[in-house]
*Asks:* 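I have a structure I would like to understand better, so I am pasting it below and will then ask my questions one at a time.
Note that the coordinates shown come from a computational prediction; the quantities given were computed from them, not determined experimentally. The first residue in the sequence is number 1, and the count goes up from there.
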Amino acid sequence: PAARISNAPKNIYISHPGASWGGFVYRERLKYSEAEELVSKLVEYCRAESYDRIELTLPPQIYYEVFQDDISFALLKHDFIYKKRELSSVVNVSSFSKEGVDRSVRKGVNKAERLNIEIKESINDWDDFYQLLTAGLADKGASPTHALSELLRLKELFPDRIILWGVYSDGRLVGGMCNWRVSRDTWLVFYSTYDLSMSDSRILDFLFFSCLERYSLQGVKYLDFGTSSLNMQVNPGLINFKENFGAYSLFRDTYSLDLC
């Protein structure tokens with residue numbers, strides 16, 4: 001999947017604009033000769049179609065059924081370069097335990113539990129979640145990538161691959177996490193937020209910890225907390241928060257090749 005982006009005077013083949021990653025789609029295991037042919041055919045096609053540049057963002061290794069670097073090697077062999085390398089923070093859920101998280105997280109979870117805060121899958125609270133999300137991002141000078149209608153449409157299209165976990169206090173939604181199943185064994189945290197008036201309640205600690213506990217019981221292997229860098233600049237507070245849950249970093253690489 002890819003799209004043509006006209007950025008005058010250049011035409012750029014990008015996989016994929018508007019998405020976190022793109023790249024080639026292939027069966028579970030790929031031979032190197034096949035990877036070489038895929039990249040060669042891509043370059044040949046883009047030259048024939050008068051593209052000036054190719055840009056591909058590949059997903060982290062854990063999104064693949066089989067970990068292999070054949071595509072990356074073939075790209076570099078065909079003179080692609082790294083346009084940027086971002087860090088995605090990942091937790092190995094199969095080895096997750098309460099003892100393995102930072103002491104500050106355990107304190108936060110214990111505090112939230114004393115406040116009778118509970119977590120459960122939210123079916124009908126998307127509107128309330130989106131209001132919290134919009135307010136939380138606005139506080140940081142940002143806004144959601146998706147409109148509420150787009151999120152609901154995606155949920156309708158992929159009912160088993162998108163889930164909303166809600167945190168409730170006295171029956172009221174005070175936080176939430178929208179997760180996407182990106183492969184058989186991996187979920188991605190796409191949005192997470194909480195009621196800013198309850199910052200002392202450690203809602204996010206409770207939310208992330210509880211989701212990890214549930215996923216470990218379900219046999220999930222990995223939970224991707226999302227990128228902790230932007231344009232190769234690390235957000236220290238963000239990556240530290242994720243590392244407190246046992247997260248470590250994997251590359252999310254963007255490759256580019258100028259054709260003229």
Side-chain angles (χ1 to χ4, degrees), residues 1-7 12-27 55-60 62-65 86 88-91 93 118-168 171-196 203-204 207-208 210-212 214-215 218-228 230 238 252 254:
R4 178 192 291 265
I5 299 297
S6 294
N7 187 6
I12 307 174
Y13 177 100
I14 299 183
S15 184
H16 196 280
S20 301
W21 61 87
F24 298 95
V25 178
Y26 52 87
R27 64 176 183 271
E55 293 183 6
L56 305 175
T57 299
L58 303 186
I62 56 168
Y63 288 23
Y64 297 96
E65 300 298 337
E86 303 295 3
S88 199
S89 298
V90 175
V91 173
V93 181
E118 62 173 346
I119 180 173
K120 62 182 179 180
E121 182 179 354
S122 296
I123 306 297
N124 301 313
D125 290 327
W126 286 89
D127 286 5
D128 292 340
F129 169 75
Y130 198 79
Q131 289 181 21
L132 290 177
L133 178 65
T134 302
L137 289 175
D139 188 60
K140 302 174 183 177
S143 59
T145 301
H146 302 86
L148 176 59
S149 59
E150 293 172 328
L151 267 182
L152 294 175
R153 177 58 176 159
L154 287 168
K155 175 63 175 175
E156 180 183 352
L157 291 171
F158 307 103
D160 299 325
R161 298 181 71 95
I162 297 178
I163 188 171
L164 176 61
W165 293 104
V167 180
Y168 295 85
R172 182 174 67 91
L173 185 75
V174 295
M177 177 189 289
C178 178
N179 293 352
W180 297 16
R181 189 175 187 176
V182 293
S183 72
R184 182 169 55 196
D185 301 318
T186 303
W187 285 82
L188 166 68
V189 179
F190 204 92
Y191 292 116
S192 61
T193 191
Y194 68 98
D195 186 334
L196 296 177
I203 291 173
L204 285 186
L207 176 59
F208 276 77
S210 299
C211 282
L212 284 166
R214 283 163 169 75
Y215 283 141
Q218 295 171 10
V220 173
K221 288 185 179 179
Y222 301 103
L223 180 61
D224 185 353
F225 282 7
T227 53
S228 299
L230 179 62
L238 181 61
R252 184 184 294 179
T254 298

*Asks:* Shortest non-hydrogen contact from Arg252 to Leu58?
*Replies:* CG-O, 3.6 Å
*Asks:* The criterion is side chain to side chain donor-acceptor pair (under 3.5 Å); which residues satisfy it with Ser192, sequence neighbours excluded?
*Replies:* none
*Asks:* side-chain contact (heavy atoms from CB on, under 4.5 Å) between Arg172 and Asp195: does it pass, once the steps are laid out?
*Replies:* CA-CA 10 Å; Arg172 182 174 67 91; Asp195 186 334; 3.0 Å; yes
*Asks:* Applying side-chain contact (heavy atoms from CB on, under 4.5 Å), name anything that partners Arg27, two or more places apart in sequence or on another chain.
*Replies:* Glu34
*Asks:* Do you know the tightest heavy-atom contact between Ile203 and Gly175?
*Replies:* CG2-CA, 4.3 Å
*Asks:* List for me each residue that meets side-chain contact (heavy atoms from CB on, under 4.5 Å) alongside Pro1, sequence neighbours excluded, and say none if there are none.
*Replies:* His16, Val25
*Asks:* Mind checking side chain to side chain donor-acceptor pair (under 3.5 Å) for Thr186 and listing every partner two or more places apart, or none if nothing turns up?
*Replies:* Ser183
*Asks:* Show me the donor-acceptor pairs, under 3.5 Å and distance only, between side chains in residues 130-148 and residues at least two apart or in other chains.
*Replies:*
| from | atom 1 | to | atom 2 | distance (Å) |
| --- | --- | --- | --- | --- |
| Tyr130 | OH | His146 | O | 2.6 |
| Thr134 | OG1 | Tyr130 | O | 2.8 |
| His146 | ND1 | Tyr191 | OH | 2.8 |

*Asks:* Return the minimal non-hydrogen interatomic distance between Cys178 and Ile162, and the atom names on each side.
*Replies:* SG-CG2, 4.0 Å
*Asks:* With sequence neighbours left out, what residues match Phe208 under ring pair (Phe, Tyr, Trp, His ring centres under 6.0 Å)?
*Replies:* Phe225, Phe241, Phe245
*Asks:* Identify all side-chain donor-acceptor contacts of residues 119-127 below 3.5 Å with residues at least two apart in sequence or on another chain.
*Replies:*
| from | atom 1 | to | atom 2 | distance (Å) |
| --- | --- | --- | --- | --- |
| Ser122 | OG | Gly166 | N | 3.4 |
| Ser122 | OG | Tyr168 | OH | 2.6 |
| Asp125 | OD2 | Tyr168 | OH | 2.4 |

*Asks:* Test side-chain contact (heavy atoms from CB on, under 4.5 Å) on Leu207 and Trp165 and set out the steps.
*Replies:* CA-CA 8 Å; Leu207 176 59; Trp165 293 104; 4.3 Å; yes
*Asks:* Which pairs with one or both residues in residues 155-166 pass salt bridge (charged side-chain N to carboxylate O under 4.0 Å, His left out), sequence neighbours excluded?
*Replies:* Arg153-Glu156
*Asks:* Please enumerate all residues that pass side chain to side chain donor-acceptor pair (under 3.5 Å) together with Glu118, with sequence neighbours excluded.
*Replies:* none
*Asks:* Just to verify, what does Thr193 make a side chain to side chain donor-acceptor pair (under 3.5 Å) with, not counting sequence neighbours?
*Replies:* none
*Asks:* Who are the side-chain contact (heavy atoms from CB on, under 4.5 Å) partners of Thr254, not counting sequence neighbours?
*Replies:* Thr57, Lys83, Lys84
*Asks:* Partners of Trp187 by ring pair (Phe, Tyr, Trp, His ring centres under 6.0 Å), sequence neighbours excluded?
*Replies:* Tyr215
*Asks:* So, for Val220 and Asp185, which heavy atoms are closest and what is the spacing to 0.1 Å?
*Replies:* CG1-O, 3.4 Å
*Asks:* Which pair of heavy atoms, one from Tyr63 and one from Pro59, lies closest together, and at what distance?
*Replies:* CD2-CB, 3.5 Å
*Asks:* Given Trp21 and Val182, is the side-chain contact (heavy atoms from CB on, under 4.5 Å) satisfied, shown in steps?
*Replies:* CA-CA 11 Å; Trp21 61 87; Val182 293; 3.7 Å; yes
